[in-house]
Amino acid sequence: MSSNLGIPSRADNFSEWYNELVQKADLADYSAVRGCMVIKPHGYALWENMQRALDDMFKATGHQNAYFPLFIPKSFFEKEAEHVDGFAKECAVVTHHRLKANPNGPGLIPDPDAVLEEPLIVRPTSETIIWNSYSKWIQSYRDLPILINQWANVVRWEMRTRMFLRTTEFLWQEGHTAHATYDEAEEETKTILECYRSFAEDWMAVPVVVGVKSEGEKFKGADHTYTIEALTQDGRAIQAGTSHHLGQNFAKAFDCKFQSAEGKLEYVYATSWGVSTRLIGTLIMAHSDDKGFVCPPRIAPIQVVIVPMGKDAETRERTIGVSRSMAESLRAKGLRVKIDEREKESPGAKYNHWELRGVPVRIEVGPRDLDAGSVVLARRDTAEKTTVLLDEVVSSVEAMLDAAQKDIYQKALAFREANTRRVDTWAEFQEIFSGEGGAGFVVAHWDGTQETEDAISDATKATIRCIPLVPLQPSDEEPGVCVFSGKRSARRVVFARAY
RNA sequence: CGGGGCGUAGCGCAGUUUGGUAGCGCGCAUCCAUGGGGUGGAUGAGGUCGUGGGUUCGAAUCCCGCCGCCCCGACCA
């Protein structure tokens, strides 16, 4: 299959296709720092749209934004045993606060006289620094709940990075809430989980499996972890968002107690939850094609691009005039519109330019159309072109955007269904994962033990993505026997190779 | 950290085997023509060949060291 990017198609080399697409669609660029990327304006606009939608959901469910420090004292990290275990090996550590000229050669060295008394960790996540504050803020049940979110950057020193999916520094939001009861915290995790599901499906048009993580895959320090799991076009799972019930683990680690209405001292219950710029990687891998980025209209940085044509000044004046008034009408409807008035580019070049960048709808304004009182609308996701009358442009564009939003979701859903298999024998399970790369979702019985989960992962590199809260199919909740051990299984779980 | 690959113009590459003082395509600038799926032509700008050392009359090219990045794996959102 030929590619308009001048790079391998998805079928040829999915990984290379992805890397090239991210750069050529103007979303991000490599930086001078290993594993860290520059998010370019087009990519950042996408992130801002995601932020806005999510932030509105958080506010609507009673949360407020705040900001905690980038640095965390090392000792804070040592307080929650499982948490240390999970993050210690990927922490950036600040040990000095000053540089000085190197006495033995050129350049600068950390000043040996400027060693920090206690090293600071660049936050990989903020539970510890936040719970240190919460323990000061909470005395009574009247102080609860605390429902705080922060938009921040975090650093995890991963061995291997990948644009948007896993970078050393990444942007995210992390919610941290404090509650008087287990049940209230549980309700909070579910509320957020539903926000994430809705955002993924209704805004990003990415269908997700909503479920709970196995013990081995949960957040380190959590009681249990909920997740939304997406499927990429190369058949891998992506954990797109998580919502953790932290129980009283962090309250105990930071000695955070409150006095109940009955006068008893109790530890606070906690949740934390987050989504990151990984969502952008998920979005690209779910929908994009060999012509470039395909973006659902609701979050597209530019929803409509208008391409006026004309070889002579008079014609250009005419098509640009119409384009501008059309843009005004569309913007009045709240749409994000761009007019491509560049003179030196040919129309074809402009089509490719904006298709690569994922603009959902293009309006072609040429003299031949205007003579007939019409323009041409072109849809990014289907390549469909239709001619519409000038006074129907606004309604037609709105209808086309709505249709694209729905169709992109339906296409992804159909893909997931076609790549979800129910497997009952270990031979078949191994056969499915015998190749390299992704193999879709496999829904199979599991005996619930860590040993079996590890054994399956060792043999196939497939992991349990989640135990669905709502079965993908009613029969998935019927008991059976484990695909690996043959022991009893209460229900089917979802396996996949993951990013 | 293991395996692989790559560092030459903004980007993609050739040149390295066999040392002789740097080239192609795209992009960029200016002008002319062109304009409904990456438009054609003319002219022009742009490179201490990743870095340090060595061999040599002479090094992008040969030798030794170092650094960086990308891809695959182990780890992970």
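Quantities reported herein were computed from a predicted structural model and do not represent experimental measurements.
- If you check B:C69 for Watson-Crick or wobble pairing at under 3.5 angstrom, you find it paired to B:G5.
- Distance check on atom P: B:C69 versus B:C63 gives 25 Å, rounded to whole Å.
- In this structure, A:M309 atom CE and B:G35 atom P are separated by 13 Å, rounded to whole Å.
- Taking only side-chain atoms of A:S15, from C-beta outward, the nucleotide of B:A77, B:G37, B:C71 with the closest atom is B:C71.
- Rounded to an integer number of Å, the gap from A:Q239 CD to B:C75 C1' is 14 Å.
- Screening A:E127, A:E174, A:H176 for a side chain to side chain donor-acceptor pair (under 3.5 Å) with A:S272, the sole residue that qualifies is A:E127.
- Distance A:D340 CG to B:G38 P: 15 Å, rounded to the nearest Å.
- Between A:R465 and A:T463, the closest heavy-atom pair is NH1-OG1, 2.7 Å.
- Using a 3.5 Å distance cut-off with no hydrogens or angles, the side chains of A:D55 and A:N65 do pair a donor with an acceptor.
- Checking B:C71, B:G73, B:G37 against the side-chain heavy atoms of A:Y351 singles out B:G37 as nearest.
- Distances were taken from every side-chain heavy atom of A:E158 (C-beta onward) to each of B:G73, B:A77, B:C71; the shortest belongs to B:A77.
- Base engagement by A:G310 is indicated by at least one non-hydrogen atom pair under 4.0 Å involving a base atom.
- With a cut-off of 3.5 Å on both Watson-Crick or G-U wobble distances, the partner of B:U30 is given as B:A42.
- Residue contacts shown for A:K89 are limited to sugar-phosphate atoms, with no base heavy atom under 4.0 Å away.
- Look at the P atom in both B:C62 and B:U16: the space between them is 9 Å, to the nearest Å.
- Within the 4.5 Å cutoff, side-chain heavy atoms of A:Q173 are placed close to those of A:V275.
- Spacing between atom NZ of A:K350 and atom P of B:G37 amounts to 13 Å, rounded to whole angstrom units.
- Between the P atoms of B:G2 and B:U8, the separation comes to 25 Å (whole Å).
- Classified by interplanar angle (parallel below 30°, tilted 30° to 60°, perpendicular above 60°), the ring pair A:W47/A:W151 is perpendicular.
- Separating the P atom of B:A9 from that of B:A42 is a span of 25 Å, rounded to the nearest Å.
- Comparing B:G10 with B:U48, their P atoms are spaced 9 Å from each other, to the whole Å.
- The separation between A:Y226 atom OH and B:A77 atom P is 18 Å, rounded to whole Å.
- One interatomic measurement links the two molecules: CG of A:D26 to P of B:C11, which rounds to 15 Å at whole-angstrom precision.
- Of the candidate nucleotides B:G37, B:G73, B:A77, B:G37 has the atom lying nearest to any side-chain atom of A:N352.
- For the side chain to side chain donor-acceptor pair (under 3.5 Å) with A:K213, the lone residue among A:H244, A:Q239, A:H224 that qualifies is A:Q239.
- In this structure, the separation between CZ on A:R278 and OH on A:Y499 is 10.5 Å, given to the nearest 0.5 Å.
- Nucleic acid contact class of A:T463 (heavy atoms, under 4.0 Å, all strands): none.
- The residue A:D312 sits apart from the nucleic acid: no heavy atom pair falls under 4.0 Å.
- For B:C71, one of the phosphate oxygens OP1 or OP2 lies less than 4.0 angstrom from a side-chain nitrogen or oxygen of A:Y30.
- On the C1' atoms, B:C57 is 23 Å away from B:G52, given to the nearest whole Å.
- The separation of B:U56 from B:C13, taken at their C1' atoms, amounts to 30 Å, rounded to a whole angstrom.
- Comparing A:E217 and A:G35 along RNA chain B, the residue whose closest nucleotide (by nearest heavy atom) sits nearer the 5' end is A:G35.
- Between the base of B:G37 and the side chain of A:K385 there is a donor-acceptor pair shorter than 3.5 Å.
- In this structure, the separation between OG on A:S126 and CD1 on A:I148 is 12.0 Å, given to the nearest 0.5 Å.
- The shortest side-chain heavy-atom distance between A:I121 and A:F71 does not fall under the 4.5 Å cut-off.
- Among the atoms of the strands shown, none is found under 4.0 Å from any heavy atom of A:I238.
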Nucleotide N/O of nucleotides 39-43 of chain B paired with protein N/O under 3.5 Å:
unit_1, atom_1, unit_2, atom_2, d
B:U39, OP1, A:S346, OG, 3.3
B:U39, OP2, A:S346, OG, 2.3

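- Among the heavy atoms of the strands lying under 4.0 Å from A:R162 are primed sugar atoms or P, OP1, OP2 only; no base atom is included.
- Under the Watson-Crick or G-U wobble criterion, with both distances below 3.5 Å, B:C24 is paired with B:G12.
- Here the side chain of A:E364 is nearest to one of B:C70, B:A77, B:G37, namely B:G37.
- Counting non-hydrogen atoms under 4.0 angstrom, A:V376 reaches a base of the nucleic acid.
- With rounding to whole Å, A:K40 atom NZ is found 12 Å from B:C11 atom P.
- Within the 4.5 Å cutoff, no side-chain heavy atoms of A:V375 are placed close to those of A:T387.
- In this model, the phosphate group of B:C70 is not approached by any side-chain N or O of A:N19 to a distance below 4.0 Å at OP1 or OP2.
- Atoms CD (A:E343) and P (B:A33) sit 13 Å apart, rounded to a whole Å.
- B:A22 and B:A60 have their P atoms separated by 9 Å, with the value rounded to a whole Å.
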